[in-house]
> 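Take a look at the following structure, please.
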2 protein chains.
Amino acid sequence: MPTDIEIAHSVKPLPITQVAQEAGIDESYLTPYGFDKAKVDYALLNSPEHADSISSSALVLVTAINPTPAGEGKTTTTIGLADGLRRRGVKSAVALREPSLGPVFGVKGGAAGGGYAQVIPMEDINLHFTGDFHAIGAANNLLAAMLDNHIQQGNKLGIDVKRVTWKRVVDMNDRQLRHVIDGIGGKAQGVPREDGFDITVASEVMAILCLATSIADLKQRLGEIVVAYTYEGKPVTASDLKAQGAMAALLKDALKPNLVQTLEHTPAFVHGGPFANIAHGCNSVMATRMALCFGDIAITEAGFGADLGAEKFFDIKCRMTGLYPRAVVVVATARALKYNGGVAKANLNEENLDALRAGLPNLFRHVQNIKDVFGVETIVAINHFPTDTEVELKVIEDECAARGICVSLSDAWAAGGEGTLDLADKVVAAVRKTPAPVPAFTYETGSDVADALEAIATKIYHADGVDFTPAAKRQLAELRENGFGNLPVCVAKTQYSFSDDAKKLGAPEGFRITVRELKVSAGAHFVVALTGSVLTMPGLPRVPAAENIDIDDNGVITGLF
Amino acid sequence: MPTDIEIAHSVKPLPITQVAQEAGIDESYLTPYGFDKAKVDYALLNSPEHADSISSSALVLVTAINPTPAGEGKTTTTIGLADGLRRRGVKSAVALREPSLGPVFGVKGGAAGGGYAQVIPMEDINLHFTGDFHAIGAANNLLAAMLDNHIQQGNKLGIDVKRVTWKRVVDMNDRQLRHVIDGIGGKAQGVPREDGFDITVASEVMAILCLATSIADLKQRLGEIVVAYTYEGKPVTASDLKAQGAMAALLKDALKPNLVQTLEHTPAFVHGGPFANIAHGCNSVMATRMALCFGDIAITEAGFGADLGAEKFFDIKCRMTGLYPRAVVVVATARALKYNGGVAKANLNEENLDALRAGLPNLFRHVQNIKDVFGVETIVAINHFPTDTEVELKVIEDECAARGICVSLSDAWAAGGEGTLDLADKVVAAVRKTPAPVPAFTYETGSDVADALEAIATKIYHADGVDFTPAAKRQLAELRENGFGNLPVCVAKTQYSFSDDAKKLGAPEGFRITVRELKVSAGAHFVVALTGSVLTMPGLPRVPAAENIDIDDNGVITGLF
C-alpha cells in the first residue's frame, strides 16, 4: 500500500472551479486560492434558493465509539461515505474540520483522511491551507496584546493581573510555552504576570468562528469574550477593550468556508477545527450549511467518540443553529473494540475474540444513546483495518444483528468510495426513513449548568451523578452571578472512556463524574466543564515528525503522512 | 483629499491574470489568490528567455535622506515613479516589501504606499496578504519548538540553556512578550530559561527568504542558522536539529513572489520585508528579479535612509546576487530637510528656510556617497507635501542645481503617475547614461568584519572610526573563531542620523561609531553590528489603531490607513 501522500499525488485534482460548477456553486461566490482550493462566500447562504436547498437536504453525522490512542479513521470513513454516495448517484458533499499545523510536526501526522479516502491537496490542507488558523491566531493574539497594553497604559478598567484568563496562541506543539512569566524586564516592558500559551485550535476565537453565522454575529461574539476579571470580580470583555472590530477584520476571509475535493472529486467544505475537549469539536456551521446547500446528502463529523463529539454536536451546534441530522454513522473498528475490551495498544493487531466481545457494549451504548436521547437513525460502520480477521468482523456483525443494529463494513481506506457502497445504501435508507427529524437534546435550552451536567452525565455517560470540587462550586456560583449560569455545557473529559477515568473502558457503570473547573466561553456561548487536566498545548515527541519532512527543488514535499 | 483606503476602493483592480498577461507572465507560472493577487513561480527565473530579459533591464533603487519620525513617502514615490514611467510608455514594474501585520494595529497604519500611489488591494496587503509572514513565523517557531524539545528530551547536543539565541516570533506589537521566562511549571513542561519574542519581520528566516535564490539555497541557509551555543561555546545550527527540511516545506509558497498592481495597474511584486536595522531591509531577491524580468525598468526600494538602506542594498543584496542599479533616486522632503536642520517634529509644517538650508547637507552627503562609493547616477526626488511652500521647494531645487544635482518634484501622493512624469524622464535619462554599471562596494568581499565596519563608518557615515565595547570585542573574537569573521556586515543604527546618535542631524562630523554587540545571522550570511539598543518587538500606543478598525456586514473594512 502506498503512503497517504503518494496516493494523494497519484490523483490529478479537477480545477476547483469545475468542482464548484458541478456542485452548483456560482462562480461569483468563489475566491480561488490556487487551482485546487477556493473560499466560498457565505453570502450565498442568504439567497432564497439556497436556503431552500439547505432545508430539503439531509445531514448525516459521523461519530465513533470511544477511540484508542491510535485513532480510528472517522475522517476517512466520512470522506469515503461521501464518495460512496456519489458513486451511487447521490449528490453528496462533505463538511470537515481543518487540520491543525502543530501536530503535523509531532507524532500525529496529517488529518485529511487516509488511504483512498482523502481530501486533496493534502499537503496544503495539512500545512497553511488558506491561512484560516493563522488568522485566528492573529485575532487571538491581537486581543492579548491589546489587553496587556491596556494594563500597561494605566489599567482604566481595573483588570486584576492575577485574573487574566485570555492566553496567547501559536499553532505549534510547543511545551516550552505552556507556563511562562511575561512582561518582565522593567517598567517599559509590560506588567510581570503568570501566563501561558495554548495551541491555536484551543482558542475561543476558533470556537466562535465555527459557530458564527455572519460577520455581525462573529463581531458580537468576539466582543463577548471574557478576557479577565476586575479587582471586583467583574468580567472584562473584548468589547471593553474595543478589540472586536479589528479582530473581525482579521477574520474576514477566514470566516469563508474552504472548498476542496476528495480523491474522487466530491466537493468538500473543510473549515474550522475547534478542540473537542474545551470546545465543541465540529467544523464550522457555515461549512455544514454549504455542504447541505450543494449536497442532497451532506456528511459531517464530530471529534472524539460519541459521548463527547456527538453530544456536543447535538447539544451545542444543532441547538444553536437549528440544523439536525437525519442519520448518524457510528464508526467502530475491531481494534478499538478490543481496546475497550481491555487489550493494550501494543497488542491491538492480534485477534482476540474475548476482548472484542468485552468491548462491544461500548458500541451498543453509544448507539442506544443516539436513539434514546436524540432519536436519530443509527448505522454502525466498521472501518476495516488490514489486521482485522474475518472472524472478528463476523463477531461484530452478528452481535449487532442480534440487537437489531444496522451495520456495514467500510473499506474506505483501501478502496475509497468503492469500499463504502453498502454503507452508502444503508445511509440512504436511514435518511429516507426520517424525512423530518424532531430535534431533541440531552437537556433543555436554558437549563442551569449543574442540571445540564447532571443530564449529560446520567443520560450520555451513564454515571450515577456529578460532583463538583470546592473550586468548581465557587466558579459555578460566580458564573451564575455573572449571568452565564444557563449556557449550554461543553464537557472536557478523557475521550477513552464514558467516565472521567481513562482506564474505565467498555460500558462502565457505578461511577460519578467530578467537575474540577468551570469556565465560560462567553463568545462561543457555552460553559466549559473540565473533569480532569486538559492539555491545551501539546509537546513534540523525542523524534518529531518534522525531522523527516522535506521538500525537493521542484517543491515536492515528502514525509507528511 | 480622501483617505488612502477610500482612494484604494475607488479604483477597480484589473483581474490579476490580465495584469500578468499584459506584463508577459505566462499563466502557467501563476497561482491566483483571489482575483487581485497571485503568486508567481520562481521557476520562470530559470528559463533562458527570462534570464536574458533580467540582464537587459535596468534596476532603479529608491532610497532617501535621513527620515523623520513621521516617514517620508519612499514607497509612495517608488510606486508613483513606476506609474509615471508607464505613462511615458516605458514598460515598468515595481518590487516592494510586504507590510508587517503588527504595526497596522499600532500607530503606523499600513505600508502599501499612499494617496494616489498605492498598491492594491491595500487591506489584503496590509493584513494577511498571501500568508507569507505567517509562514515565516511558523517556520521560525517550529525551529524554536524543536530546539527546546531537544533540550527537554535529553539535550544530546549539549546546548547551553543560557546561550540560546533563537527567539520565537509573533506578527503583533506586543511588548508583554519582549522578555519572558518560559519552560516553567515542572519537569514535563520544558526547561526554565530566560527568553523573549521578536516581531516576525525581525526573524532571520525573513532575511533568508528575501535572499534565497532557490529552494535548495533556502534550505541550505535555513540549516546554517545558529540557534544556540553548546557548553563548549560551539555554534548549534538548525541543521543540527534537522529542522531545515520542515521549515522549507512551510515556506514553499511563501518563497514565491506576490504579484499585485498599482492603482494605475502597473505590475507590482510585493514580497518579503526584513527589518532595516538587524536585517538588510529590502524586498526579496526573487521579487527584484521578477520586476526586472517583466519591466524594462524595475523600481525597488530599501529601508530607512541611504546610510542604512542603500548601503545594505549594495553591500549585502547586490553583492550576494550580482544585481546592480543603473540609477538611484534619493527621496527628500522639505519636512525631513527641516527636521535635519533642527526643527522639532511638531513644527515641521511651518515654513523655515534657515532650517531647510541647514538640513540640505544631509541630502548632499547621501547623494555624494552614492556617486563616490557606488558610482551610480543619482536623482533627487522631492516628495511634495501639501504643507510645502513654493519658496521652500525653490530653495531645494536651486541648491541642488548649484551643485549639479539632478532634482525633480514628485507629486505621486496627490497625482499618482501623472505627478512623476518629470522624475520618470530624468530616471530614463540616467539609466541611458549608464548602460553597463560596474559594481562597486564599500568594502571588499571577504573583508574582516572590523575592517568592513571601519569602511562603512568612514566612507558612508563620515565618522572618524569605530570603537568596540569590551563585549563586542569578545564577540568579534568568537565570530572569527567560528568562521564568521569575514561575512558582510549589517549595521543596526538609528535611522535619524549618519551617526549612532539620533540627535546628530544634518551632516555631522567629528564623531565615532560605537559597536555594542555583534551577532551572526549565519543563514542570512551576514554579521549584525548593533550600535545601540534596537527594539525588535514594538509595543502598542495608548490608543491603538486597532480600536478604530472595523468591518461591516458586507466585509468592507474601515479604519485602515
Side-chain angles (χ1 to χ4, degrees), chain A residues 31-35 101 105 127-128 131 134-135 138 141-142 144-146 148-149 152-153 168 170-185 188-191 214-216 219 242-243 245-246 248-250 252-253 539-540 542 544 546-547 549-553 555 557 559, chain B residues 31-35 101 105 127-128 131 134-135 138 141-142 144-146 148-149 152-153 168 170-185 188-191 214-216 219 242-243 245-246 248-250 252-253 539-540 542 544 546-547 549-553 555 557 559:
Chain A
T31 308
Y33 279 62
F35 296 102
L101 183 58
F105 303 112
L127 296 178
H128 310 291
H134 292 311
N141 292 344
L142 172 62
M146 290 178 78
D148 277 306
N149 185 60
Q152 170 78 6
Q153 305 278 4
R168 289 167 178 80
V170 288
D171 198 359
M172 204 50 71
N173 287 15
D174 194 351
R175 75 168 68 72
Q176 185 76 7
L177 297 180
R178 279 177 195 155
H179 304 286
V180 309
I181 296 168
D182 51 23
I184 60 176
Q189 322 288 349
V191 176
S214 66
I215 291 181
K219 219 156 61 176
K242 305 194 182 85
L250 279 168
K252 174 171 89 93
D253 296 323
L540 291 172
R542 187 170 290 270
E547 291 188 9
I549 295 174
D550 204 358
I551 179 169
D552 71 14
D553 258 15
I557 292 174
Chain B
T31 308
Y33 279 62
F35 295 101
L101 183 59
F105 302 111
L127 296 178
H128 309 292
H134 292 311
N141 292 345
L142 172 61
M146 290 177 79
D148 277 305
N149 185 60
Q152 170 79 4
Q153 304 279 4
R168 289 167 179 80
V170 288
D171 198 359
M172 205 49 71
N173 287 15
D174 194 352
R175 74 168 68 70
Q176 185 76 5
L177 297 180
R178 280 179 194 153
H179 303 286
V180 308
I181 295 169
D182 51 23
I184 61 177
Q189 322 288 349
V191 176
S214 67
I215 291 181
K219 218 157 60 177
K242 304 195 182 83
L250 280 168
K252 174 171 90 92
D253 296 323
L540 291 172
R542 187 171 290 268
E547 291 188 8
I549 295 174
D550 204 359
I551 179 169
D552 71 14
D553 257 15
I557 292 174

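Order of the sequence lines sets the chain letters (A, B, ...), proteins ahead of strands, with each chain counted from 1.
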> Pick from B/Ser214, B/Ala249, B/Ala138, B/Gly559: which one has the most heavy-atom pairs with chain A under 4.5 Å?
B/Ala249
> At a heavy-atom distance under 4.5 Å, which candidate from B/Arg168, B/Gln152, B/Met146 has the highest pair count against chain A?
B/Arg168
> Could you pull out the closest heavy-atom pair between A/Leu540 and B/Gln153, with the gap in Å?
O-NE2, 3.1 Å
> With a 4.5 Å cut-off on heavy-atom pairs, point out which of A/Asp253, A/Asn173, A/Asp553 contacts chain B the most.
A/Asp553
> Starting at CG of B/Asn141, measure out to CG of A/Asp174 and round the result to the nearest 0.5 Å.
7.5 Å
> Among A/His179, A/Lys242, A/Lys252, A/Lys219, which residue has the highest count of heavy-atom pairs closer than 4.5 Å to chain B?
A/His179
> Give the member of B/Asp182, B/Val170, B/Asp550 that has the highest number of heavy-atom pairs under 4.5 Å with chain A.
B/Asp182
> Is it the side chain or the backbone of B/Ala216 that comes within 4.5 Å of chain A heavy atoms, both, or neither?
both
> What are the two closest heavy atoms between A/Ile551 and B/Ala248, and how far apart are they?
CG2-CB, 3.5 Å
> Only pairs of heavy atoms separated by less than 4.5 Å count here; which of B/Val180, B/Asn149, B/Ile549 has the most with chain A?
B/Asn149
> What are the two closest non-hydrogen atoms of B/Ala546 and A/Leu142, and how far apart are they?
CB-CD1, 4.2 Å
> Given the options A/Pro32, A/Gly185, A/Gly190, which has more heavy-atom pairs under 4.5 Å with chain B than any of the others?
A/Pro32
> Would you mind checking which part of B/Met172 comes under 4.5 Å of any heavy atom in chain A, side chain (CB onward), backbone (N, CA, C, O), both or neither?
side chain
> For the side chain of B/Gln176 and the backbone of A/Val191, is there at least one donor-acceptor N/O pair under 3.5 Å apart?
yes
> Contact part of B/His128 toward chain A, heavy-atom cut-off under 4.5 Å: side chain, backbone, both or neither?
side chain
> Parallel, tilted or perpendicular: which fits the ring planes of B/Tyr33 and A/Tyr33, with parallel below 30° and perpendicular above 60°?
tilted
> Does any heavy atom of chain B fall under 4.5 Å from the side chain of A/Arg178, the backbone, both, or neither of them?
side chain
> What residue, out of B/Leu250, B/Thr31, B/Leu177, has the most heavy-atom pairs lying under 4.5 Å from chain A?
B/Leu250
> With a 4.5 angstrom heavy-atom cut-off, is it the side chain or the backbone of A/Leu101 that approaches chain B, or both, or neither?
side chain
> With a 4.5 angstrom heavy-atom cut-off, is it the side chain or the backbone of B/Asp171 that approaches chain A, or both, or neither?
neither
> Pick one of side chain, backbone, both or neither for B/Pro544, based on which atoms fall under 4.5 Å of a heavy atom in chain A.
side chain
> Quick check on the interface: out of B/Ala188, B/Gly539, B/Ala144, B/Gly131, who has the most heavy-atom pairs with chain A under 4.5 Å?
B/Ala188
> Is chain B contacted by the side chain of A/Ala243, its backbone, both, or neither, given a heavy-atom distance below 4.5 Å?
neither
> Report which part of B/Ile184 has an atom under 4.5 Å of a heavy atom belonging to chain A: side chain, backbone, both, or neither.
both
> Is chain A contacted by the side chain of B/Leu127, its backbone, both, or neither, given a heavy-atom distance below 4.5 Å?
side chain
